[in-house]
Amino acid sequence: MLTVLHALQGQLCAAMERAFPEAAQQARAGGRPLDPQLAPASKPEFGDFQANGALPLAKPLGQPPRAIATAIVEQLAADPAFAELCEAPQIAGPGFINLTLRPERLAAEVQARLGDPRLGVPSVAEAGGGGLAPVIVDFSSPNIAKEMHVGHLRSTIIGDSLARVLEFRGHPVLRLNHVGDWGTQFGMLITHLKQVAPEALTTADAVDLGDLVAFYRQAKARFDEDEAFQTTSREEVVKLQSGDPISRKAWQLLCDQSRREFQKIYDRLDIRLSERGESFYNPYLEGVVADLDASGLLVTDDGARCVFLEGVSGKDGKPLPVIVQKSDGGFNYATTDLAAIRYRFGSVPDGDGARRVIYVTDAGQANHFAGVFQVARRAGWIPADGRLEHVPFGLVQGEDGKKLKTRAGDTVRLRDLLDEAVERAEADLQRRLAEEERTEDQAFIQHVATTVGLAAVKYADLSQNRITNYQFSFDRMLALQGNTAPYLLYAVVRIAGIARKGGNLEAGGSEEAGSGAPAPLTFTEPQEWALVRELLKLDGVIAEVEEELLPNRLCTYLFELSQVFNRFYDQVPVLKAEESARSSRLALCRLTADTLRLGLGLLGIPTLERM
RNA sequence: GGGGCUGUAGCUCAGCCGGAUAGAGCGACGGUUUCCUAAACCGUAGGUCGUGGGUUCGAGUCCCGCCAGCCCCGCCA
């Protein structure tokens, strides 16, 4: 419906221009051309669109807003292109102009989508031609020698979904896993392992990952207390970063082991990622500092080299620094992040040539990224048309409203959390099968439980506005009613049921064999029209997610679509309908299923035929 | 001390560029099944949008103050 919206926008602007030429000219001269304030109708009874642009004109024109609206409507009515799209506009309330599309236009839009694998969502690749600049989505980013936990869940799921939406829109997307595989933490770990488990540094898988995690914790504790250990650790970092073969080998083994473990999770969640860890940027760190120095941004303070931020003051009103080289000469995470920005926007042989870079990390890093982004901007590393965006998200909390922990008080491992979701989904399914006296084989039960369990975890996370903290609850996410994955999956299953019971969904608008052109779609019931209007919103929703990077907007849409469909399903017969209505209703079912499958697919959620 | 985010129904949350009577789901209460999976549908009750100002034709939405919660703040990431 975006194309219709654009057409109406143009017609409204032209109508306002004709109705109030002087005001329009003045407005243009003032740099603020008249705006019809066209938007989707806020309520179904207002039609499809509303234009509120008459109201703000009342004061400057010295006329009542309804009179202004009337003048605009008169001009609109004189436009044949408008008359073809819309019924006669209604003026309502203080001066809103309500627009309702002609039924045959709506039916034609549905018809067009039935034959379109993209369901009416345009691709930037078609429009812009080749040579599109890549979009980078930086997400997940676990740390080597640590297990993935719930904290990584949000980044992984949100990042994956955003990448899928951008890919669907036709952007070349680089999904980058900026794993923590460098820096002080490795010095600590290697130093500690040399003393307690030297075999881990020379032999693959000599200790298992759980032990490695424990060793890491011990190393961290020693680092915080023991000065001699700190010194040795720092020396170890220097050895690693300068390429000492023994250190490199140990590092490689540890990374490989962790990587295999991460990959199991990614495979389970069907997430594709290219690993490009912090270590990748090691060769560029000195160049970053040199660049900053050359731009005159660098200041040495307390022995550390830093850039002082503009507009951000810390204690005692002093500007806040971003430290890029520590007093011992080492680099830190800010240096690495700066090197990454420079590389990602850099042109192709020595960079990615990206024009949009998106970081999906927790909101706690907002200050850090704001600082790093400012430095990058001042250093001139971001092209004029480049977009650099931090996509923050809130904490995962338990049902007590505190940070999610196990009963024993430990961090919840992602693996365990996914297991539990699948187990609970299976228990629910078994209970339902027993109640309904259905029998299904083990493969079916496993497949449904796995799909529903993982879908529930993903959807619960994605359906919430990411900026707020998110209260994790198995009971709520697996609930069979409400804004949950099972509710949406069930809508798809219902349509699949219609297909199984004899509804030929693939026949397009027509069921008549041999008849070349499809029979025209005819809709009579309000539930049909409600479904038609809902289906046509898809392209606008996708455009919004692409721009705002809020997957919950897509979730809300899919939930509302499912609700409208369930109402239709409940109140309007499909298979038992008279022939002319039957084929049109089957077409609606098919488009609904396709829309739900596509939308859920963009959330990383596969659908089911039966459940 | 400085900065960021959040505050909407009993609970969990939506609310798009400021727009008409603030919306869902859960929970509560009451209905619907000869019919495509009732994992559904229909209805009722439930609100000082933290609070006080301001901007304007119009504010949950924008601006300022205050209160509460969470998070961050020089050489960890």
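The sequence lines fix the lettering, A, B, ..., with proteins before strands; numbering per chain opens at 1.
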Participant: Please state the C1' separation for the pair A59(B) and G54(B) - nearest whole angstrom.
Facilitator: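 Going atom to atom, C1' in each nucleotide, I get 11 Å.
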Participant: Within less than 4.0 Å of OP1 or OP2 of G23(B), is there a side-chain N or O belonging to Lys43(A)?
Facilitator: yes
Participant: Provide, to the nearest angstrom, the distance between the CZ atom belonging to Phe186(A) and the C1' atom belonging to A77(B).
Facilitator: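 Between C1' of A77(B) and CZ of Phe186(A): 13 Å.
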Participant: For Asn552(A), report the nucleic acid contact type (base, sugar-phosphate, nothing); a contact means any heavy atom under 4.0 Å.
Facilitator: sugar-phosphate
Participant: Using the 3.5 Å cut-off, write out each protein N or O paired with an N or O of nucleotides 7-10 of chain B and the distance between them.
Facilitator:
none

Participant: Can you check the distance between C13(B) and U8(B), where both ends of the measurement are the C1' atom (answer in whole Å)?
Facilitator: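 Comparing C1' positions in C13(B) and U8(B) gives a spacing of 10 Å.
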Participant: Would you kindly say whether Asn483(A) and Tyr459(A) are connected by a side-chain donor-acceptor distance under 3.5 Å?
Facilitator: yes
Participant: Kindly assign one of parallel, tilted or perpendicular to the pair Trp251(A) and Phe186(A), based on the angle between their ring planes and the thresholds 30° and 60°.
Facilitator: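 Plane angle over 60°, so perpendicular.
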Participant: State whether Arg424(A) and Asp428(A) are salt-bridged, where the test is any N-O pair (Lys NZ or Arg NE/NH1/NH2 against Asp/Glu carboxylate O) under 4.0 Å.
Facilitator: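 Answer for the salt bridge query: no.
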Participant: Counting only heavy atoms not in Arg431(A), do more than 12 fall under 6.0 Å of its CZ?
Facilitator: yes
Participant: Using a 4.0 Å heavy-atom cut-off, does Gly180(A) contact any base of the nucleic acid, only the sugar-phosphate backbone, or nothing at all?
Facilitator: nothing
Participant: For the P atoms, the ones on C73(B) and on G10(B), what distance do you get once it is rounded to whole angstrom?
Facilitator: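 That atom pair is separated by 37 Å.
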Participant: I'd like to know if the side chain of Gln230(A) reaches the main chain of Phe223(A), judged simply by a donor and an acceptor atom lying under 3.5 Å from each other, with no hydrogens or angles considered.
Facilitator: yes
Participant: Are Tyr333(A) and His178(A) an aromatic pair by the rule of ring centers under 6.0 Å?
Facilitator: no
Participant: Do Thr592(A) and Phe568(A) have side chains that approach each other closer than 4.5 Å (heavy atoms only, starting at C-beta)?
Facilitator: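 The answer is no, as the side chains (C-beta and beyond) never meet within the 4.5 Å cut-off.
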Participant: Tell me which nucleotide among G19(B), U6(B), G4(B) gets nearest to the side chain of Asn52(A).
Facilitator: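 For the Asn52(A) side chain, the nearest candidate turns out to be G19(B).
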Participant: Give me the distance, rounded to whole Å, that separates U6(B) from C63(B) when you measure between the P atoms they each carry.
Facilitator: 12 Å
Participant: Taking Gly394(A)'s backbone N and O only, do any of them form a donor-acceptor pair with Asn469(A)'s side chain (distance below 3.5 Å, no angle check)?
Facilitator: no
Participant: Describe the nucleic acid contact of Gln397(A) in one word from base, sugar-phosphate, nothing, applying a heavy-atom distance below 4.0 Å.
Facilitator: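 Nothing: the residue Gln397(A), judged by heavy atoms under 4.0 Å, touches no strand.
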Participant: I'd like to know if Asp48(A) and Arg533(A) make a salt bridge, using a cut-off of under 4.0 Å between side-chain N and carboxylate O.
Facilitator: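 Counted as a salt bridge, because a side-chain N and a carboxylate O are separated by less than 4.0 Å.
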Participant: For a quick check of understanding: with a heavy-atom distance under 4.0 Å over all strands, which category does Ala363(A) fall into, base, sugar-phosphate or nothing?
Facilitator: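 No contact.
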Participant: Thinking salt bridges, do Glu440(A) and Arg610(A) make one under a 4.0 Å N-O criterion?
Facilitator: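 A salt bridge links Glu440(A) with Arg610(A).
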Participant: Checking all strands, does Leu57(A) fall into the base, sugar-phosphate, or nothing category for heavy-atom contacts under 4.0 angstrom?
Facilitator: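 Nothing, no heavy atom under 4.0 Å.
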Participant: Does the side chain of Lys59(A) get closer than 4.0 angstrom to OP1 or OP2 of C57(B) through an N or O atom?
Facilitator: yes
Participant: Is Asp570(A) salt-bridged to Arg567(A), going by a charged N under 4.0 Å from an acidic O?
Facilitator: no
Participant: For Arg234(A), answer base if it contacts any base atom (sugar-phosphate contacts may also be present), sugar-phosphate if it contacts only those atoms, and nothing otherwise; contact means non-hydrogen atoms under 4.0 Å.
Facilitator: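 Sugar-phosphate contact only - Arg234(A) comes under 4.0 Å of backbone atoms but never of a base.
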Participant: Can the ring centroids of Tyr359(A) and Phe373(A) be said to lie less than 6.0 angstrom from one another?
Facilitator: yes
Participant: Rounded off to whole Å, could you give me the CD-to-P distance for the Gln464(A) and G25(B) pair?
Facilitator: 16 Å
Participant: Closest approach to the side chain of Glu544(A), judged atom by atom: which nucleotide of G4(B), C16(B), C57(B) is it?
Facilitator: C16(B)
Participant: Can you tell me, in whole Å, how much space there is between the C1' of A45(B) and that of G31(B)?
Facilitator: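 To the nearest whole Å, 15 Å.
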Participant: Would you indicate which nucleotide in A20(B), G3(B), C57(B) comes nearest to any side-chain atom of Asn367(A)?
Facilitator: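 The answer is G3(B), which lies nearest to the side chain.
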Participant: Where the side chain of Asn143(A) is concerned, which of A77(B), A20(B), C75(B) is the nearest nucleotide?
Facilitator: A77(B)
Participant: Taking the side chain as every heavy atom from C-beta outward, state whether Thr336(A) and Phe331(A) have any pair of such atoms under 4.5 Å apart.
Facilitator: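 A side-chain contact is absent here, since even the closest heavy-atom pair is not under 4.5 Å.
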Participant: Could you tell me the separation between the CG atom of Asp302(A) and the C1' atom of G74(B), rounded to a whole number of Å?
Facilitator: 8 Å
Participant: If you go through the side-chain atoms of Glu560(A), does one of them form a donor-acceptor pair with the base of A24(B) closer than 3.5 Å?
Facilitator: no
Participant: What orientation do His192(A) and Phe229(A) show, parallel under 30°, tilted 30 to 60°, or perpendicular over 60°?
Facilitator: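 Ring orientation of His192(A) relative to Phe229(A): perpendicular.
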Participant: More 5' along RNA chain B: Gly183(A) or Gly364(A), using each one's nearest nucleotide?
Facilitator: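 Final value for this comparison: Gly364(A).
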Participant: Could you tell me whether C49(B) is syn or anti, where syn means a glycosidic angle within 90 degrees of zero?
Facilitator: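 Because its glycosidic torsion lies more than 90° from 0, C49(B) adopts the anti conformation.
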Participant: Is there a donor N/O on one and an acceptor N/O on the other, under 3.5 Å, for the side chain of Asp362(A) and the base of A77(B)?
Facilitator: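 When only heavy-atom distances are counted, Asp362(A) does not reach the base of A77(B) through any donor-acceptor pair under 3.5 Å.
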Participant: Using 30° and 60° as the class limits, which term best fits the ring planes of His152(A) and His149(A): parallel, tilted or perpendicular?
Facilitator: tilted
Participant: Base, sugar-phosphate, or nothing: which does Val572(A) touch, judged by heavy atoms less than 4.0 Å apart?
Facilitator: base
Participant: Identify whether a stacking contact exists between Phe96(A) and G19(B), where the ring centres must be under 5.5 Å apart and the planes under 30° apart.
Facilitator: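 Per 5.5 Å and 30° rule: no stacking.
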Participant: Whole Å only: how far is the NZ atom of Lys576(A) from the C1' atom of U33(B)?
Facilitator: 14 Å
Participant: Are Arg217(A) and Glu147(A) ion-paired here, with the side-chain N under 4.0 Å from a carboxylate O?
Facilitator: no
Participant: Choose from U21(B), C36(B), G15(B) the nucleotide whose nearest atom is closest to any side-chain atom of Val574(A).
Facilitator: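 Between U21(B), C36(B), G15(B), the one nearest the side chain of Val574(A) would be C36(B).
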Participant: Go through C75(B), C70(B), G25(B) for me and flag the one nearest to the Ile323(A) side chain.
Facilitator: C75(B)
Participant: From the set C36(B), A20(B), G74(B), return the single nucleotide nearest to any side-chain atom of Asn98(A).
Facilitator: A20(B)
Participant: What's the closest nucleotide to the Arg553(A) side chain, out of G74(B), A77(B), C16(B)?
Facilitator: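 Shortest atom-to-atom distance from the side chain points to C16(B).
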Participant: I want to confirm an ordering. Mapping Ser327(A) and Pro40(A) to their closest nucleotides on RNA chain B, which one lands closer to the 5' end?
Facilitator: Pro40(A)
Participant: Check this one for me: any side-chain N or O of Asn465(A) less than 4.0 Å away from OP1 or OP2 of G15(B)?
Facilitator: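 Yes, Asn465(A) has a side-chain N/O under 4.0 Å of OP1/OP2 on G15(B).
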Participant: With a 4.0 Å cut-off on heavy atoms, is Ala92(A) in touch with a base, just the backbone sugar-phosphate, or nothing at all?
Facilitator: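 The answer is base, as Ala92(A) lies within the cut-off (heavy atoms under 4.0 Å) of a base atom.
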Participant: Please report the distance separating the C1' of G18(B) from the corresponding atom of C11(B), rounded so that it comes out in whole Å.
Facilitator: 30 Å
Participant: Stem ranges for RNA chain B, with three or more consecutive Watson-Crick or G-U pairs under 3.5 Å?
Facilitator: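 Stem list for RNA chain B: B:1-7 with B:67-73, B:10-13 with B:23-26, B:28-32 with B:40-44, B:50-54 with B:62-66.
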Participant: Determine the Euclidean distance between corresponding P atoms of G50(B) and G60(B); express it in Å to zero decimal places.
Facilitator: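 Rounded to whole Å, the distance is 10 Å.
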Participant: Does C76(B) have OP1 or OP2 sitting under 4.0 Å from an N or O in the side chain of Lys326(A)?
Facilitator: yes
Participant: Nearest whole Å is fine: how far is C16(B) C1' from Leu549(A) CG?
Facilitator: 14 Å
Participant: Please report, rounded to the nearest Å, how far the C1' atom of A14(B) is from the OH atom of Tyr459(A).
Facilitator: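 From Tyr459(A) OH to A14(B) C1': 11 Å.
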Participant: Starting at CD of Gln50(A) and ending at C1' of A20(B), how long is that distance when rounded to a whole Å?
Facilitator: 8 Å
Participant: Can you figure out which of C73(B), C5(B), A77(B) approaches the side chain of Gln365(A) most closely?
Facilitator: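 Closest nucleotide to the Gln365(A) side chain: A77(B).
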Participant: Provide the distance between the two C1' atoms, one in C17(B) and one in A40(B), to the nearest whole Å.
Facilitator: 37 Å
Participant: Starting at the 5' end of nucleotides 38-45 of chain B, put B wherever the base has a protein heavy atom under 4.0 Å, S where only the sugar-phosphate does, and a dash everywhere else.
Facilitator: SBSSS---
